[in-house]
Amino acid sequence: MIVRLHDGMKSVPLAEKSPALDTQVVKEQFVVFMSALLKGNAEEKSGTVLKMISATAGTVKASQILKFAEDLVGSVVHVLSYRKALQGWNLQDPRNVSSGVKALASQLIAELKAADGKRTEGAQALDAICDQSSVEDWLFRVPQVSAFLSVIIRQGLLVLHSLPDQARDPLHILPACKGAKGGRFASLLDIPSVAYINSHLPSELQHKWRLIFASRVHGESFTQLCGHIVNQGPCVLVLKDVDGYIFGGFASCSWEVKPQFQGDSGCFLFSVSPSLAVFTYTGYNDHYMYLNHGQQMMPNGLGMGGQHNYFGLWIDGNYGKGHSKAKPRCTTYNSPQLSASENFTLDAVEVWAVGDLPEDTTGKGAKSVLDADPEAQALLEMIGKSRQSEGLREPVDDGDGN
Ligand SMILES: *[C@@H]1O[C@H](CO)[C@@H](O)[C@H](O)[C@H]1NC(C)=O
Ligand SMILES: *[C@@H]1O[C@H](CO)[C@@H](O)[C@H](O)[C@H]1NC(C)=O
């Protein structure tokens, strides 16, 4: 990425002929380059980014753009880790970082169109020829590319560090990771997938993820799952099946136990492994979310998308089993089958509440009244309600007091 940044700066044409400086970048080139990448629109960035993909050519193959995307994502992970800006997320086994980086890079170029305007699909996709207008279109439709470049420049090169209002990264590439026992909890998600899923959340929810349920911590029980996730505001649900497939969904509204569909068009499903992708609302029906427990008449379990007995994502009320049905796509989210087999066995589940708690309008910390008010707690204890309330609400375990 350093070489690419250098190539991008060198490619800026100079107004005046300067003495032949073969390897050095002059100040004018540096400034024009930074301004294009940090402030420019897709059109203004496209020429520079094309030179970062290939220093010499006017057209490039899709495979070169994929390599650039891999360098870009890998550099973001490196920079955030080096600058200790992982926000509490665990960097897992370093050998495993590369598979997450490749998955995100592949997903970033899925939107790429060749120079002839066609999608680069199929076996020859990586041979497709792309020109500057392909790059411009790509930058326009995949905002993560510009966001990642900005992180590398700001946090990697520490450019703009001295400007107080710009020094802080407002992009929230990674949310603050809360409730994960001081980083000792290893999530099913890796850094690239957290960054990618977070980029699809409403911007006001991107700053913080709070672990509210993990089957490995709270037990493999549907009652536990229900008890921990209801009334917690928008949540990201992540599942791993016994075949190693990782996938999940974003619930844009608080989960409620009831025999009706709930949620709104902000919900989406996603796949993390073997490939990374997000599947958004199609408009076909409103079967966004479903959570039911202990009912005789209606199915018990947690579902997203599709219909009863045919969910895009389903965890059975008996826990341990689920399904992801799509022939070939789930109606609500246009998602393919997310699990390795249609009927799957669960390996692990985790749920993250995103953003601040819905009740928390003061911004003074996301604690329940019971945490904030020991007197209320003591009163409840006196009337014997304490246990019951504790069951409804897991004490906030941020470990850092906010
Ligand atoms: C990645 O991590 C998983 C455990 O999370 C492990 O089973 C697997 O072997 C690792 N892959 C590589 C390439 O190290
Ligand atoms: C999945 O389970 C359903 C109902 O239990 C069954 O009808 C269906 O055939 C199963 N699918 C596969 C692929 O085994």
Side-chain angles (χ1 to χ4, degrees), residues 99 103 106-107 110 121-123 188-189 193 197 213-216 218-230 235-251 255-263 267-351:
S99 72
S106 304
Q107 176 56 18
E121 278 173 331
L188 300 172
L189 301 174
S193 55
I197 294 164
F213 177 79
S215 55
R216 285 170 185 164
H218 300 107
E220 315 219 335
S221 140
F222 194 73
T223 310
Q224 284 290 328
L225 174 68
C226 279
H228 282 88
I229 70 173
V230 293
C235 295
V236 171
L237 170 83
V238 191
L239 277 62
K240 184 178 180 192
D241 70 16
V242 291
D243 296 303
Y245 277 44
I246 302 172
F247 49 93
F250 167 61
W255 285 101
E256 284 174 54
V257 178
K258 60 179 185 185
Q260 290 95 30
F261 283 98
Q262 45 189 306
C267 295
F268 59 80
L269 290 180
F270 58 82
S271 158
V272 169
S273 181
S275 61
L276 187 60
V278 161
F279 307 99
T280 52
Y281 169 60
T282 59
Y284 184 87
N285 60 29
D286 60 359
H287 298 174
Y288 313 109
M289 302 158 55
Y290 178 87
L291 179 64
N292 201 17
H293 185 39
Q295 289 259 333
Q296 300 289 321
M297 302 298 290
M298 296 295 287
N300 291 316
L302 180 155
M304 291 186 74
Q307 53 182 299
H308 285 302
N309 304 317
Y310 212 92
F311 278 96
L313 186 166
W314 173 256
I315 300 174
D316 202 82
N318 294 323
Y319 201 81
K321 300 276 181 199
H323 71 242
S324 173
K325 297 189 185 177
K327 280 211 167 68
R329 294 271 164 170
C330 161
T331 50
T332 316
Y333 299 112
N334 199 34
S335 50
Q337 180 183 307
L338 300 169
S339 44
S341 38
E342 189 175 83
N343 300 318
F344 62 82
T345 302
L346 275 173
D347 177 37
V349 176
E350 64 192 41
V351 184

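All residue numbers in this chain count up from 1 along the given sequence. In each ligand, atom 1 is the first atom listed, and ligand 1 is the first ligand listed.
- When Gln262, Gln307, Met304 are each tested for a side-chain contact (heavy atoms from CB on, under 4.5 Å) with His287, only one passes: Gln307.
- Using bins of under 30°, 30° to 60° and over 60° for the plane-to-plane angle, the ring pair Trp314/Phe311 lands in the parallel bin.
- Ring pair His218/Phe213 is parallel by interplanar angle, where below 30° counts as parallel and above 60° as perpendicular.
- When only non-hydrogen protein atoms are considered, atom 12 (C) of ligand 2 lies nearest to Asn343 ND2, 3.4 Å.
- Residue Glu342 has at least one nitrogen or oxygen atom sitting less than 3.5 Å from a nitrogen or oxygen atom of ligand 2, judged on distance alone.
- In this structure, atom 9 (O) of ligand 2 has its sub-4.0 angstrom surroundings free of protein heavy atoms.
- Using modelled atom types and a 3.5 Å distance limit, the side chains of Thr331 and Asn285 yield a donor-acceptor pair.
- There is no protein heavy atom less than 4.0 angstrom from atom 4 (C) of ligand 2.
- In this structure, atom 14 (O) of ligand 2 has a protein heavy-atom contact shorter than 4.0 Å.
- Between Ser335 and Phe247, the closest side-chain pair of non-hydrogen atoms is not below 4.5 Å.
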